Number of protein chains: 2
Amino acid sequence: MEIKETDKLKKHQLSITDARKKILAFFLQTPGALAHADIEHKSGTEFDRVTIYRTLQTFVEKGIIHTIPTSDNSIRYALCKDECVTGHHHDDHVHFICDDCGTTYCLDHVSVPKVKLPKGFKAVQTDLVVSGSCNKCEQ
Amino acid sequence: MEIKETDKLKKHQLSITDARKKILAFFLQTPGALAHADIEHKSGTEFDRVTIYRTLQTFVEKGIIHTIPTSDNSIRYALCKDECVTGHHHDDHVHFICDDCGTTYCLDHVSVPKVKLPKGFKAVQTDLVVSGSCNKCEQ
DNA sequence: ATTATTTTGCAACATAGTTGCAAGGTGTTA
DNA sequence: TAACACCTTGCAACTATGTTGCAAAATAAT
Ligand SMILES: [Mn+2]
Ligand SMILES: [Mn+2]
Ligand SMILES: [Zn+2]
Ligand SMILES: [Zn+2]
C-alpha cells in the first residue's frame with residue numbers, strides 16, 4: 001500500500017522520498033499518536049535522527065500531522081483530518097492520554113469547548129488534554 | 001519578608017533551607033508562572049542546577065506549586081492555592097500563555113469545563129491551555 | 001540526459017533532565 | 001548546647017532531546 005503514502009505526500013506538495021513514505025506509513029498504521037522516539041525505534045538505523053526531526057517538522061507545517069501537548073513534556077504527533085493544509089490546521093478536538101498503556105488518542109468527535117476569558121485576553125489556540133484510563137485499560 | 005516563606009515550607013512539612021526559601025520567594029514575587037530556566041537566571045550561580053530541579057520536584061509533590069503544560073514542550077510552574085497538599089492537587093483552572101510577552105497566567109476564576117468522553121474512557125486529570133494575547137499586550 | 005532544487009547524513013553543538021555519592025546543613029533528642 | 005540521625009546540596013558524569021551548517025545524494029523540472 002505504498003500508493004496511499006505517495007498520494008498524500010503529493011497532495012500536500014511534498015517530494016516523494018523514502019523517509020517521508022516510511023514515516024507517513026507509521027502514522028497510517030498507528031491508531032494513536034507517535035512521539036519522535038517511537039519513530040526512531042520503529043525505523044531502527046534506517047534514517048538519521050535529524051531526518052526524523054525534519055520530516056516531522058515538515059509534516060506539521062504542511063498539515064499532515066498535528067502536535068499534542070502533554071504534561072510530561074514530550075511532544076506527540078498524530079495524523080490530521082484531510083482538511084488541514086499548509087499553515088492552517090483544523091484540529092480542534094480533545095486529546096486523551098492513558099496513564100496505564102500510554103496511548104494517546106485523538107477524540108475527533110469531542111470538540112474543545114469555548115472558554116470565557118477575562119477582559120482583554122484574546123484566544124488564538126486552545127488545547128485540551130485529558131488523562132486517565134482508556135477503554136482498553138478500564139477494570 | 002522571610003517569615004512568609006518559612007511558614008509555607010513548615011506548613012507543607014519541609015525542612016527550611018536557603019534554596020527552598022529563595023526559590024519559593026521567586027514564586028511569591030512573580031504574578032505569572034516560572035520555568036526552570038527563569039529560576040536559574042534569577043538565582044545566578046547561587047544554587048546548582050540540580051538543586052533547582054529537585055526543589056521544583058519537591059514543591060510539586062508537596063502541593064506548593066503545580067505544573068502547566070505548554071505546546072512548546074517546556075514545563076512551567078505556578079503557586080498552588082492553599083488547598084493543595086501532598087499527593088493531592090486541586091488546580092482545575094484554565095491556563096493562558098501570551099504569544100507576545102510569553103507570560104503564563106493561572107486564570108484561577110476560569111474553571112475547566114467537564115468534557116463528555118466516549119464510553120470506557122475515565123478522566124483523572126484535565127488540562128486546558130489557551131494561548132493568544134494577554135490584557136497587557138492587546139492592541 | 002542535464003540541470004536545478006530539495007533532502008539527507010554527518011559532525012558538532014546546545015539545552016534539558018537524571019543519578020550516585022560524598023560533604024554539608026537541618027532538625028531532634030538528651 | 002552537643003551529639004546524633006536524617007535530609008539536602010553540589011559535583012561529576014551521564015542520557016536524552018533538539019538544532020545548525022555543510023557536503024553528498026536523491027528528487028523534480030527542463
Ligand atoms: Mn489530534
Ligand atoms: Mn495554575
Ligand atoms: Zn490505555
Ligand atoms: Zn502578554
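Per chain, numbering begins at 1; letters A, B, ... match sequence-line order. Just so you know, these numbers come straight off a predicted model, no measurement behind them.
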To the nearest angstrom, the CD-P distance between Gln13(B) and dC6(D) comes to 18 Å
Rounded to whole Å, the CG-P distance (Leu9(A) to dT6(C)) equals 16 Å
Test Phe26(B) against Asp38(B) for side chain to side chain contact (heavy atoms under 4.5 Å, CB included), laying out the working first.
CA-CA 10 Å; Phe26(B) 288 145; Asp38(B) 296 324; over 6 Å; no
Check: So, do Tyr105(A) and His95(A) have ring centers that fall under 6.0 Å from each other?
Finding: no
His12(A) NE2 to dT7(C) P, in whole Å, measures 15 Å
>> In this structure, is the centre-to-centre distance between the rings of His90(B) and His66(B) below 6.0 Å?
In response: no
Whether each nucleotide of nucleotides 9-20 of chain C has a protein heavy atom under 4.0 Å at its base (B), only at its sugar-phosphate (S) or at neither (-) is summarised, 5' to 3', as BBB----SBBBB
- [ ] Could you state whether Tyr77(A) and Leu24(A) fall into the same hydrophobic cluster, counting links through intermediate Ile, Leu, Val, Met, Phe, Trp or Tyr residues with side-chain heavy atoms under 4.5 angstrom apart?
- [x] yes
Taking His12(B) for its side chain and Lys62(B) for its backbone only, find out whether a donor-acceptor pair lies under 3.5 Å. yes
With Arg76(A) as partner, the option from Thr70(A), Thr103(A), Thr104(A), Thr67(A) fulfilling side-chain hydrogen bond (donor to acceptor under 3.5 Å, both in side chains) is Thr104(A)
Rounded to whole Å, the CD1-C1' distance (Ile23(A) to dT8(C)) equals 11 Å
Discussion item. I'd like to know if Lys81(A) and Asp91(A) make a salt bridge, using a cut-off of under 4.0 Å between side-chain N and carboxylate O.
Written reply: no
Taken to the nearest whole Å, CG/Leu24(A) to P/dT7(C) is 15 Å
With sugar-phosphate taken as primed atoms, P, OP1 and OP2 and all else as base, the protein-contact string of nucleotides 23-30 of chain C at under 4.0 Å (heavy atoms; B, S, -) is ---SS---
| Arg20(A) side chain to Ser15(A) backbone, donor-acceptor under 3.5 Å | yes
